[in-house]
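Naming: A, B, ... by sequence-line order, numbering from 1 per chain.
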Amino acid sequence: MSKYPLETIRHSAAHLMAAAVQELFPDTKFDIGPATDAGFYYDFDMEYRLVPEDLKKIEGAMNKLKNQNLPFEKIEMSREEAEKFLKDRDQSYKLERLADVPEGEQITFYKMGEFCDLCRGPHVENSSEVGAFTLLSIAGSYYRGKETNPMLQRIYGTAFADRKELKKHLMQIEEAKKRDHRKLGTELELFGFSDKVGPGLVLWHPKGALIRHIIETFWRDQHYRNGYELLYTPHIGRSELWETSGHLDFYKEGMYSPMDIDGTDYFVKPMNCPFHIEIYKSRIRSYRELPLRWAELGTVYRYEKSGVLHGLSRVRGFTQDDAHIICTPEQIENEIYEVLQFCLFIWDAMGFKNLKAYLATRPEKAVGDPERWETALKSLEKAVDKAGMDIEVDEGGGAFYGPKIDLKLKDALGREWQTSTIQFDFNLPERFDMTYVGEDGNRHRPYMVHRALLGSFERFFSLLVEHYAGSFPLWIAPEQLRILPITENQHEYAKEMFKSLRQKGFRVEMDLRSESVGSKIKDARHARIPYMAIIGEREAEAGTLSVRSRREDQLGEMSLDDLAEKLQLDIDKHL
RNA sequence: GCCAAUGUAGCUCAGUCGGUAGAGCAAUUCACUCGUAAUGAAUAGGUCAGCGGUUCGAUUCCGCUCAUUGGCUCCA
């Protein structure tokens with residue numbers, strides 16, 4: 001254990017790296033170099049374009065500096081001194097950062113060797129205490145994260161107190177890469193992409209499609225049980241619809257170009273809401289029929305910038321497990337509560353527990369009655385509170401049309417992805433003039449809530465694959481059991497067993513190749529088949545099957561009925 | 001979209017300092033009929049991402065395009 005927090009070690013490693021970069025590339029202008037969750041980075045501006053080989057050089061220079069036992073000296077300066085210091089060294093980014101330091105705050109620099117950096121600290125006392133570090137990658141990054149600013153060169157690295165921990169971390173990254181859904185998707189033949197079809201457009205292969213089908217069936221069933229009705233709506237709609245909804249004003253960059261049909265422009269839908277609203281508006285609605293809970297597995301298409309596409313996590317065509325809840329003000333609190341409970345139930349059934357909740361409140365520019373915002377926010381807070389979830393509040397981070405709760409999940413490589421969302425909408429009910437007739441005989445404006453539980457099937461599937469590393473629980477495994485006859489003499493008996501198990505509704509396959517049983521087991525394990533049934537002369541004679549699971553357990557010989565019972569018990573586990 | 005890297009068989013990758021390519025796994029065929037993580041042999045499989053340029057000749061060098069990867073930005 002080091003006497004310093006990891007953050008201090010990492011931040012100091014960032015300084016060490018900057019010092020090495022200054023040594024190797026003296027014309028470098030420096031921006032900032034913070035510690036992160038997984039390591040550290042530093043942003044540089046220089047003429048020279050860094051190449052991957054440079055990482056080794058820089059790392060070498062860092063090690064040299066480390067071994068010189070250089071002290072980290074804290075230097076206090078007045079604002080004027082600091083300005084002069086940075087101006088003399090032509091550090092324009094640092095000058096701007098200096099201007100951000102609040103008036104009255106002590107300005108400090110940290111000097112280590114030749115490198116002296118505007119910095120709040122703290123640091124380790126001596127370069128020898130930076131611990132074990134390694135540089136990982138080079139990336140571009142806009143200055144201050146703004147697209148219109150120049151792009152700086154960023155180097156990512158990570159540091160730990162000692163070599164052992166660093167090694168452990170690097171091993172973890174390697175392990176995580178093995179469960180990356182993009183890799184497993186190809187290996188297990190779950191899904192794919194085709195250059196001919198286009199980027200961000202998913203092709204669900206049979207096994208992936210089967211899993212999706214199973215989950216969709218479960219999803220529909222649970223929605224019926226929870227008082228939802230299901231809708232189907234078209235994939236395209238006239239421009240007028242999108243004008244009314246406002247999408248053509250504020251979401252046009254996310255939409256694909258219109259197609260001309262009989263002289264009218266039609267747009268592929270980026271969202272399902274306007275269609276659901278049109279169903280709502282197909283007749284006069286009474287308070288007696290509220291709340292309405294309308295769900296749809298709605299496939300939408302959005303233009304996502306080419307650089308952001310990522311496996312199944314960020315695509316251009318995807319299916320949301322969407323629903324809209326339309327209700328009265330009296331009903332809203334309970335509706336929100338139930339949605340959140342339902343949401344957590346679904347995630348739990350899928351085997352996930354570590355969701356992080358984010359609450360986004362009213363931004364400066366917003367539409368809708370402030371009182372309604374207040375009620376909405378309260379109902380969200382209450383629901384989260386009752387569910388006992390930890391929540392991070394993003395003050396002013398809501399959409400202009402309403403507050404929301406988002407749930408996020410981390411992928412195998414630690415990147416966070418938004419999945420569930422529960423959003424109020426004070427905009428569309430106005431734009432479409434949605435009303436219901438109240439008890440008083442007058443027309444009232446209903447509350448409308450958008451929600452998606454899994455988010456989209458594509459993103460959800462990426463998380464599911466990584467969560468289970470491809471070893472899906474039995475109820476969603478595309479192939480639940482594989483029958484492995486030892487020789488051709490058992491083929492007939494194997495086929496009998498196969499037929500019976502299929503009749504009972506299990507997803508079973510046979511491996512009738514003339515391979516050794518060891519080889520068949522290897523392949524079945526590689527395919528993450530939950531159960532294998534081995535059939536040799538002994539079993540064929542006794543009318544049994546020798547069962548083993550992918551977890552390497554030998555489960556022994558059992559009858560067909562016992563096997564079926566065992567499988568069924570395992571299948572029902574998630575409920 | 002921006003900064004950078006990469007693109008060779010279905011998959012993982014080697015290779016060619018410019019003379020049209022190779023391995024392992026997978027596939028197919030044949031032999032083997034086998035007891036719990038790899039039986040053997042043979043065969044087939046590639047416009048070396050695409051287009052253009054330089055060259056006697058380009059998979060290799062150059063340019064553009066497309067796609068992927070790592071980031072940034074964005075994500076109603």
Colleague: Provide the full list of side chain to side chain donor-acceptor pair (under 3.5 Å) pairs with a residue in residues 234-245 of chain A, sequence neighbours left out, each pair given once.
Modeller: A:S245-A:H247
Colleague: For A:Y401 and A:F193, find the nucleotide of RNA chain B closest to each by heavy atoms; which residue's nucleotide sits nearer the 5' end?
Modeller: A:F193
Colleague: Taking atom P in both B:U60 and B:A49, what distance in whole Å separates the two?
Modeller: 8 Å
Colleague: If you measure from the P atom in B:C61 to the same atom in B:C48, how many Å do you get, rounded?
Modeller: 15 Å
Colleague: Expressed as a whole number of Å, how far does the C1' atom of B:C32 sit from that of B:G50?
Modeller: 47 Å
Colleague: Can you tell me how far C1' of B:C75 sits from CZ of A:R316, to the nearest Å?
Modeller: 13 Å
Colleague: Nearest whole Å is fine: how far is B:C75 P from A:Q320 CD?
Modeller: 16 Å
Colleague: Out of B:A27, B:U68, B:A5, which nucleotide sits closest to the side chain of A:P199?
Modeller: B:U68
Colleague: For residues A:Y447 and A:E335, is any side-chain donor paired with an opposing acceptor at under 3.5 Å?
Modeller: no
Colleague: With the side chain of A:R314 defined as its heavy atoms from C-beta on, choose the nearest nucleotide among B:A27, B:C72, B:C75.
Modeller: B:C75
Colleague: Could I get the full list of ring-ring contact (aromatic ring centres under 6.0 Å, His included) partners for A:F133, not counting sequence neighbours?
Modeller: none
Colleague: A:T419 side chain to A:L407 main-chain N or O, any donor-acceptor pair under 3.5 Å?
Modeller: yes
Colleague: What is the distance, to the nearest angstrom, from the CG atom on A:L512 to the C1' atom on B:U33?
Modeller: 14 Å
Colleague: Taking salt bridge (charged side-chain N to carboxylate O under 4.0 Å, His left out) as the definition, give me every residue that meets it alongside A:E364, ordered by chain and number, with sequence neighbours left out.
Modeller: none
Colleague: State which residues pass salt bridge (charged side-chain N to carboxylate O under 4.0 Å, His left out) with A:K183; sequence neighbours excluded, sorted by chain then number.
Modeller: A:E187
Colleague: Quick one: A:E304 CD to B:C75 P, roughly how many Å, whole number?
Modeller: 10 Å
Colleague: Give the rounded distance in Å between these two atoms: CD of A:E47 and C1' of B:C3.
Modeller: 15 Å
Colleague: Under 3.5 Å, side-chain donor or acceptor atoms of residues 267-274 of chain A against the rest of the protein: list the pairs with distances, not counting sequence neighbours.
Modeller:
residue	atom	partner	partner atom	Å
A:K269	NZ	A:T233	OG1	2.9
A:K269	NZ	A:P234	O	3.1
A:K269	NZ	A:N272	OD1	2.9
A:N272	ND2	A:Q320	OE1	3.3
A:N272	ND2	A:D322	OD2	2.9

Colleague: Scan A:R415 against the nucleic acid and name what it touches under 4.0 Å (heavy atoms): base, sugar-phosphate only, or nothing.
Modeller: sugar-phosphate
Colleague: Can the ring centroids of A:F457 and A:W204 be said to lie less than 6.0 angstrom from one another?
Modeller: no
Colleague: Can you find a side chain N or O atom of A:R154 that sits less than 4.0 Å from OP1 or OP2 on B:C3?
Modeller: no
Colleague: In terms of the angle between their ring planes, are A:F25 and A:Y48 parallel, tilted or perpendicular, with boundaries placed at 30° and 60°?
Modeller: parallel
Colleague: For A:D54, is there an ion pair with A:K57 - N to carboxylate O distance below 4.0 angstrom?
Modeller: yes
Colleague: Record whether the side chain of A:Y142 comes under 3.5 Å of the base of B:G1 through a donor-acceptor pair of N or O atoms.
Modeller: yes
Colleague: List for me each residue that meets ring-ring contact (aromatic ring centres under 6.0 Å, His included) alongside A:F193, sequence neighbours excluded, and say none if there are none.
Modeller: none
Colleague: Both atom distances under 3.5 Å, Watson-Crick or G-U wobble: I'd like the secondary structure of RNA chain B as a dot-bracket string, with | for pairs made across strands.
Modeller: (((((((..((((.....[..)))).(((((.......))))).....(((((..]....))))))))))))....
Colleague: Could you work out the separation of B:A38 and B:C25 based on their C1' atoms and round it to a whole Å?
Modeller: 10 Å
Colleague: Do any side-chain nitrogens or oxygens of A:Y156 fall under 4.0 Å of OP1 or OP2 in B:C72?
Modeller: yes
Colleague: When the P atoms of B:U8 and B:G46 are considered, how many whole Å apart are they?
Modeller: 15 Å
Colleague: Show each protein N/O and nucleotides 44-49 of chain B N/O combination with a separation under 3.5 Å, one pair to a line.
Modeller:
none

Colleague: If I take atom NE2 in residue A:H491 and atom P in nucleotide B:C34, what distance separates them, rounded to the nearest angstrom?
Modeller: 12 Å
Colleague: For A:P52 and for A:K183, locate the closest nucleotide of RNA chain B by heavy-atom distance; then report the residue assigned to the nucleotide nearer the 5' terminus.
Modeller: A:P52
Colleague: Please confirm whether the shortest side-chain N or O distance from A:S306 to OP1 or OP2 of B:G1 is below 4.0 Å.
Modeller: yes
Colleague: Taking the C1' atom in each of B:G15 and B:C51, what is the distance between them to the nearest angstrom?
Modeller: 25 Å
Colleague: Can you name the residues that form a ring-ring contact (aromatic ring centres under 6.0 Å, His included) with A:H324, not counting sequence neighbours?
Modeller: A:H276, A:H450
Colleague: Okay, side chain of A:R550, backbone of A:R528: is any donor-acceptor separation there less than 3.5 Å?
Modeller: yes
Colleague: Determine the contact category for A:F400: base if any of its heavy atoms lies under 4.0 Å from a base atom, sugar-phosphate if only primed atoms, P, OP1 or OP2 are that close, otherwise nothing.
Modeller: base
Colleague: To the nearest angstrom, how far is A:L152 atom CG from B:G70 atom P?
Modeller: 21 Å
Colleague: Quick one: which of B:G71, B:U33, B:G70 gets closest to the side chain of A:T487?
Modeller: B:U33
Colleague: Would you call A:K178-A:E175 a salt bridge at under 4.0 Å N-O?
Modeller: yes
Colleague: How many whole angstroms separate atom OH of A:Y42 from atom P of B:C72?
Modeller: 18 Å
Colleague: Each nucleotide in nucleotides 35-40 of chain B should get exactly one letter: B, S or -. Can you fill that in based on protein heavy atoms under 4.0 Å?
Modeller: BBBBB-
Colleague: B:A9 and B:U59: how far apart are their P atoms, nearest whole angstrom?
Modeller: 15 Å
Colleague: Counting N and O atoms only, with roles assigned by atom type, does the side chain of A:E466 sit under 3.5 Å from a partner on the main chain of A:A412, one being a donor and the other an acceptor?
Modeller: yes
Colleague: What residues form a ring-ring contact (aromatic ring centres under 6.0 Å, His included) with A:F318, not counting sequence neighbours?
Modeller: none
Colleague: Roughly how far apart, to the nearest Å, are B:A42 and B:A23 at atom P?
Modeller: 12 Å
Colleague: Using a cut-off of under 3.5 Å, enumerate the N/O to N/O pairs linking the protein to nucleotides 6-10 of chain B.
Modeller:
none

